[in-house]
Amino acid sequence: MTRTPSSSRTSTHRIRQPLLVVGLVAVLAAIAVALGLPLQKPSSDSDSDSSSTTPGQGSSVRPPAPSLPDRAPPDSSQQERRGPLDEADGVVPDGSTVLDDDVPAVANLDADLLAALRRAAPEAADDGVAFTVNSGWRSPEYQDQLLRKAVAQYGSEAEAARWVATATTSPHVSGDAVDIGPDEATAWLAEHGAAYGLCRIYRNEPWHFELRTDAPDRGCPRRYADPTQDPRMRP
């Protein structure tokens, strides 16, 4: 049996290793092409440094997402001033009373009107009647919204004006009017309210009360049929 010299075997083994590596590289390259993956060539240290800071278009490295301070601010022209109207505009939570200082619709009422309501409320309570505030002070934005809804509901600005005033004329916006409920409360105020200066102003709105300081002595004034008859509502 003829033996191959050890030196010859070593040389053959060394030759096969590069061939295996080259073959493996070729197979991997073929797989990458089949999968549509980009082939990257080795780069120098300088190329590597530059690509780490500014990746090229063919690089598979994505730049990090910008931090919040670096993001462009949203286009304010496409956003509303804020979200839906809320308590800060005078929207009244259910069950609010004339004693709720944390409700802007109550707290922002004219001080004398609010004081009169709070004088009357305990007397009404003695008769088993509680005052609920259905609406009080309103922001101009809230009043405008109510007027738009009234126009849509009643079909015209003229008809809507019988129920909702403009933001520039409404006594709710100035804090000089309050809408009281339930019916037992409005009936109680209709009978006893003048003693506290609390008067109905419009015949079509029995829930609407305003302060008339001379009412304790002279009684409440004659009511208007609706707000369109009120000189204050005229432009």
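The figures here come from the full heavy-atom set of this structure, side chains too, leaving out hydrogens, waters and symmetry mates. Since this is a predicted model, take the numbers as computed values, not measurements.
Counting only distance, with no hydrogens or angles, the side chain of D127 and the backbone of A124 share no donor-acceptor pair below 3.5 Å. The backbone N or O of R203 lies less than 3.5 Å from no partner atom in the side chain of R223, so there is not a single donor-acceptor pair. A donor-acceptor pair under 3.5 Å is absent between the side-chain atoms of D89 and the main chain of V91, judged by distance alone. No donor-acceptor pair under 3.5 Å is formed between the side chain of D100 and the backbone N or O of D102. The main-chain N or O of G136 is found under 3.5 Å from a side-chain atom of H172 such that the two form a donor-acceptor pair. In this structure, S174 contributes its side chain and P171 its backbone to a donor-acceptor pair below 3.5 Å.
Shown here is E159, whose CD atom has more than 12 heavy atoms of other residues, nucleotides or ligands within 6.0 Å.
One distance of note links CD of E157 with OG1 of T166; it measures 10.5 Å at 0.5 Å rounding. Here OG of S170 is found 8.5 Å from CG of L146. Values are rounded to the nearest 0.5 Å. In this structure, the separation between CD on Q143 and OG1 on T168 is 9.5 Å, given to the nearest 0.5 Å. To the nearest 0.5 Å, the span separating CG on L113 from CD on E210 amounts to 8.5 Å. To the nearest 0.5 Å, atoms CZ (R200) and CG (L189) are separated by 8.5 Å. The distance from atom CZ of R119 to atom CG of L114, rounded to the nearest 0.5 Å, is 10.0 Å.
For the pair P227 and M233, the tightest heavy-atom approach, listed with the atom from each and the gap, is O-CG, 3.0 Å. Closest approach of A185 to A130, counting heavy atoms only: CB-O, 3.7 Å. Scanning all heavy atoms of the two residues, the minimum distance from V106 to V98 falls at CG1-O, 3.7 Å. Contact between L147 and A160 at its shortest, heavy atoms only, is CD1-CB, 4.4 Å. Of all heavy-atom pairs spanning V164 and A150, the tightest one is CG2-CB, 3.8 Å. Listed here is the closest heavy atom pair of T132 and P182: OG1-CD, 4.2 Å.
Between D176 and R232, every side-chain heavy-atom pair lies at or beyond the 4.5 Å cut-off. Between R162 and Y202 there is no side-chain heavy-atom pair separated by less than 4.5 Å. Using a 4.5 Å cut-off on side-chain heavy atoms (C-beta onward), R218 and R212 make no contact. In this structure the side chain of V92 never reaches within 4.5 angstrom of the side chain of N134, judged on heavy atoms. At least one side-chain heavy atom of E123 sits under 4.5 Å from a side-chain heavy atom of D126. When side chains are defined from C-beta on, I201 counts as touching Y224, because their heavy atoms get closer than 4.5 Å.
There is a path of hydrophobic side-chain contacts, each under 4.5 Å, that joins V178 to V129. Connection of V103 to L117 is established within a shared hydrophobic cluster, with ILVMFWY side chains joined at heavy-atom distances below 4.5 Å, either directly or through further cluster members. Note on F209 and L211: same hydrophobic cluster, where clusters join Ile, Leu, Val, Met, Phe, Trp and Tyr whose side-chain heavy atoms are under 4.5 Å apart, directly or indirectly.
Residue pairs meeting the ring pair (Phe, Tyr, Trp, His ring centres under 6.0 Å) criterion with at least one partner in residues 106-132, sequence neighbours excluded, are F131-W188. Applying the disulfide (SG to SG under 2.5 Å) test to pairs two or more places apart or on separate chains, those with a residue in residues 146-235 are C199-C220.
The ring-ring contact (aromatic ring centres under 6.0 Å, His included) check on W207 picks up nothing, with sequence neighbours excluded.
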